[in-house]
Amino acid sequence: MITQKTNHMEYQENMEIVDSAIMDQVLSARESFDPEAYTEEDVKRALQKDVLHPEDFAALLSVAASSHLEEMARRAQEETRKHFGNSVAMFTPLYIANYCENYCIYCGFNCHNKIHRAKLNAEEIEREMQAIAATGLEEILLLTGESPKMSDVSYIGEACKIAKKYFKVIGLEVYPMDSKDYAYLHSCGADFVTVFQETYNPDKYKDLHLGGRKRIFPYRLNTQERALKGGIRGVGFAALLGLDDFRRDAFATGMHAYLVQRKYPQGEIAFSCPRLRPIINNEEINPRDVHEPQLLQVICAYRLFMPYAGITISSREGSRFRDQIITIAATKISAGVDVGIGGHSEKEAKGDEQFEIEDGRTVEEIREMIVRQGMQPVMSDYIYV
Ligand code: SF4
């Protein structure tokens with residue numbers, strides 16, 4: 001059993017080890033990044049470049065760049081238009097289970113939190129998906145808490161098979177697993193895998209993740225590589241901004257994605273940009289120093305560093321911010337979100353929610369907003385032949 005006493009930097013039995021130098025490279029880049037060490041000139045130089053190097057990315061995440069947000073947003077908008085036109089993809093997350101064996105002290109689903117746990121069976125999953133598909137969405141993101149016991153790989157695989165009947169694109173936000181499991185889920189229809197590293201500071205990580213498989217830092221960090229080795233088409237990266245120094249964590253997230261992209265050029269890369277949200281039974285957890293201007297800075301820096309990467313903006317953020325960021329840098333937006341278990345087809349969700357959302361607009365309302373912003377809502381840009 002993995003507890004507070006388990007060395008978080010050591011792989012455990014039954015965890016696939018990939019031969020990779022990426023973790024060390026990311027950690028050493030994070031370590032040497034000093035957000036205070038950049039000047040206005042460094043920022044201006046970075047903003048003039050067509051192709052950014054890691055040093056330029058660092059400059060854009062620095063404290064000095066905070067006073068160049070307008071220019072960053074303008075440049076980010078140019079890059080987004082160049083690579084994505086004016087399209088904005090829509091999707092919705094579907095929580096199919098909320099059992100979790102990990103003890104992350106900042107999360108409402110953690111194994112010590114007394115919440116209503118539930119798991120949808122195949123009929124219930126199908127009902128939820130029918131209700132979602134009826135809104136016109138063609139992309140779904142399936143989520144579970146992290147319990148390989150209660151939501152095993154075959155359970156997730158069955159959910160993918162059902163999803164394949166209703167959706168063109170299937171993303172997963174579930175517990176990290178081995179490449180053979182990803183290969184199986186890919187064969188069931190899964191296209192994308194996103195795993196949040198939460199923080200790339202190993203010491204902080206140890207203090208925040210007190211038990212469960214998630215405590216093992218390298219196994220989590222190398223998830224995207226295992227997913228790509230398993231044949232998954234694209235992978236998502238994120239730090240939960242606000243857990244530790246957000247500038248350093250954003251820098252590490254970008255470096256992680258950049259290095260994975262260089263090693264696996266076939267993989268599609270995406271970023272999520274979550275900030276801490278209040279959770280059930282923990283009044284103390286709230287977003288701290290990452291306010292909207294800081295979030296905007298991070299998102300624009302991701303866009304300028306990796307112009308082809310997808311950027312998802314979640315319903316954790318308020319409508320005003322979401323409406324603006326899709327015109328600047330974000331390329332994917334969630335809509336019609338219910339973070340409880342089974343809330344799409346039933347009035348009463350079976351299980352509690354992981355966190356509170358800010359933007360509860362329906363699919364139609366988000367679609368209308370995208371059009372109002374002069375953008376084009378896209379349900380899916382994949383054609384299967
Ligand atoms: S963050 Fe994820 S792994 Fe951690 S307690 Fe919450 S659901 Fe479980």
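Atoms within a ligand are numbered from 1 in the order they appear, just like the ligands themselves.
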Measure from NZ or CZ of K332 to the centre of the six-membered ring of F192 and say whether it is under 6.0 Å with the direction within 45° of the ring axis.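 Ring-cation test returns yes.
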Kindly confirm or rule out a cation-pi arrangement of R213 over Y175, judged by NZ or CZ under 6.0 Å from the six-membered ring centre and within 45° of its axis?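 Because its charged atom misses either the 6.0 Å distance or the 45° angle limit, R213 does not stack over Y175.
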Report the member of C104, C111, G211, G212 with the shortest heavy-atom distance to atom 4 (Fe) of ligand 1.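 Comparing heavy atoms across C104, C111, G211, G212, the nearest one to atom 4 (Fe) of ligand 1 lies in C104.
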On the 0 to 90° scale, with breaks at 30° and 60°, tag the H8-F217 ring pair as parallel, tilted or perpendicular.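 Perpendicular, since the angle between the ring planes exceeds 60°.
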In ligand 1, which numbered atoms sit nearer than 4.0 Å to a non-hydrogen atom of [X]?
| X | value |
| --- | --- |
| N110 | 5 (S) |
| C107 | 1 (S), 5 (S), 6 (Fe), 7 (S) |
| K214 | 1 (S), 2 (Fe), 3 (S), 4 (Fe) |
| E146 | 3 (S) |

Residues 13-23 side chain polar contacts: donor-acceptor under 3.5 Å, at least two apart:
from: E16; atom 1: OE1; to: S179; atom 2: N; distance (Å): 2.6
from: E16; atom 1: OE1; to: S179; atom 2: OG; distance (Å): 2.9
from: E16; atom 1: OE2; to: S179; atom 2: OG; distance (Å): 2.8
from: S20; atom 1: OG; to: I22; atom 2: N; distance (Å): 3.1
from: S20; atom 1: OG; to: E225; atom 2: OE2; distance (Å): 2.5

If I take every N, O or S atom of C100, is at least one of them less than 2.8 Å from atom 6 (Fe) of ligand 1?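 Looking at C100, which is the residue asked about, there is no N, O or S atom under 2.8 Å from atom 6 (Fe) of ligand 1.
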Does the gap between the ring centers of Y200 and H256 come in under 6.0 Å?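 For Y200 and H256, the ring centres are under 6.0 Å apart.
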